[in-house]
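One is the number of the first residue; the rest follow in order along the sequence. What's counted below: heavy atoms across the whole structure, side chains too, no hydrogens, waters or symmetry copies.
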Amino acid sequence: MNKEEHFLKNRFLDYANTAYERNIYTYTDFLNINEISILNSMRNQLPPVNVTLSGGNRYAERKIAIFAPTDIYYNEEIPITLIKIAPINSRYADRLNHRDFLGAILNLGISRNKIGDIFIRENCAYVYCISDISVYIIENLKKIKHTFIRCSFYGKNDLEITPELKNITGTISNVRLDSLIATAFGSSRSSIISYIENGKVFVNGKLITSNGYSEKEKDIISVRGKGRFIYNGICGVTKKGRNIVSVSLYI
């Protein structure tokens, strides 16, 4: 266990102990998929509390952890707020992407762990954030690149936000984890092995460090530093006996 992981586990234990001893809810900031995997690996080391995860959206990858005593008698609203960021004049707006929106928010001095998933629709961003910094973002974020923008609160139930997906097909001799990742990201199989061995690949939120994992249809495969995709399965076989596979890449 490295120093960073040791510190993170102690933080999770502190959250759980506080919830248990004081009979209150406690919340983390947004966790990335690796941090969520670490939390899941130590659940049996925590005191008897309920631990749930929420990203404000069922498709979210970044989530906060909620620690609650098993006998608590009241519910609290999850401290996640949805903000819409839109160009004031769409005709003259730059074409903005995920990195543009995230970079502008972080340039306000906000930590990455305060921001959850960002969904892009028609040059607008829908940003999940920790509630206590939402007003600060709305009051201070006025421009992204050369585009003047407007921020507003957006009701979580006002829009069914789904990820944009790009369908990709490819041919591989054997359906293996490295082959699927290489197909999704247009990489060579040899370059993918290090991602698997270095703990950067997760399937359905679970860390996978072996290329021997047996893939199943609808698996969500995340690769730190590259992105994530859904494995749709085998959709055919070529005349030479190679498998035609389909994946849906989050964009």
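You'll find the side chain of F30 stays beyond 4.5 Å of the side chain of I36, heavy atoms only. Residues I221 and L177 meet the side-chain proximity criterion, which asks for heavy atoms closer than 4.5 Å. Contact check for L180 versus I172: side-chain heavy atoms found under the 4.5 Å cut-off. Residues N232 and I230 form a side-chain contact, since some pair of their non-hydrogen atoms from C-beta on lies under 4.5 Å apart. Two residues are said to be in side-chain contact when any heavy atoms from C-beta on lie closer than 4.5 Å; V127 and I85 meet this criterion. Inter-residue side-chain proximity for E77 and S131 is flagged as unmet; no heavy-atom pair is nearer than 4.5 Å. Contact check for V49 versus T70: no side-chain heavy atoms found under the 4.5 Å cut-off. Residues I181 and F229 are in side-chain contact: their nearest non-hydrogen atoms beyond the backbone lie under 4.5 Å apart.
Between Y25 and Y74, the distance separating the two ring centers is shorter than 6.0 angstrom.
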Show, in sequence, the C-alpha distance, side-chain angles and deciding distance for S179 and N174, and conclude whether the side chain to side chain donor-acceptor pair (under 3.5 Å) test is met. CA-CA 8 Å; S179 299; N174 296 306; over 6 Å; no
Test side chain to side chain contact (heavy atoms under 4.5 Å, CB included) on I66 and Y15 and set out the steps. CA-CA 9 Å; I66 305 158; Y15 282 115; over 6 Å; no
What verdict does the side chain to side chain contact (heavy atoms under 4.5 Å, CB included) test give for I244 and T238, after you've listed the backbone C-alpha separation in whole Å, the side-chain angles of each residue and the deciding distance to 0.1 Å? CA-CA 7 Å; I244 304 172; T238 68; 3.8 Å; yes
Test side chain to side chain contact (heavy atoms under 4.5 Å, CB included) applied to N243 and V237, step by step: CA-CA 5 Å; N243 296 296; V237 179; 4.2 Å; yes
Assess the residue pair Y250 and E61 against the criterion (side chain to side chain donor-acceptor pair (under 3.5 Å)); give the C-alpha distance rounded to whole Å, side-chain angles, the decisive distance to 0.1 Å, and a yes or no. CA-CA 11 Å; Y250 287 69; E61 182 173 75; over 6 Å; no
Yes or no on side chain to side chain donor-acceptor pair (under 3.5 Å) for Y126 and N57, after CA distance, side-chain angles and deciding distance? CA-CA 11 Å; Y126 298 86; N57 182 298; over 6 Å; no
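F153 is connected to I105 through a chain of hydrophobic side-chain contacts under 4.5 Å among Ile, Leu, Val, Met, Phe, Trp and Tyr, so both are in one cluster. Residues I192 and F202 are members of separate hydrophobic clusters, defined by side-chain heavy-atom contacts under 4.5 angstrom among Ile, Leu, Val, Met, Phe, Trp and Tyr.
Between K114 and D29 there is a salt bridge, with a side-chain nitrogen of the basic residue lying less than 4.0 Å from a carboxylate oxygen of the acidic one.
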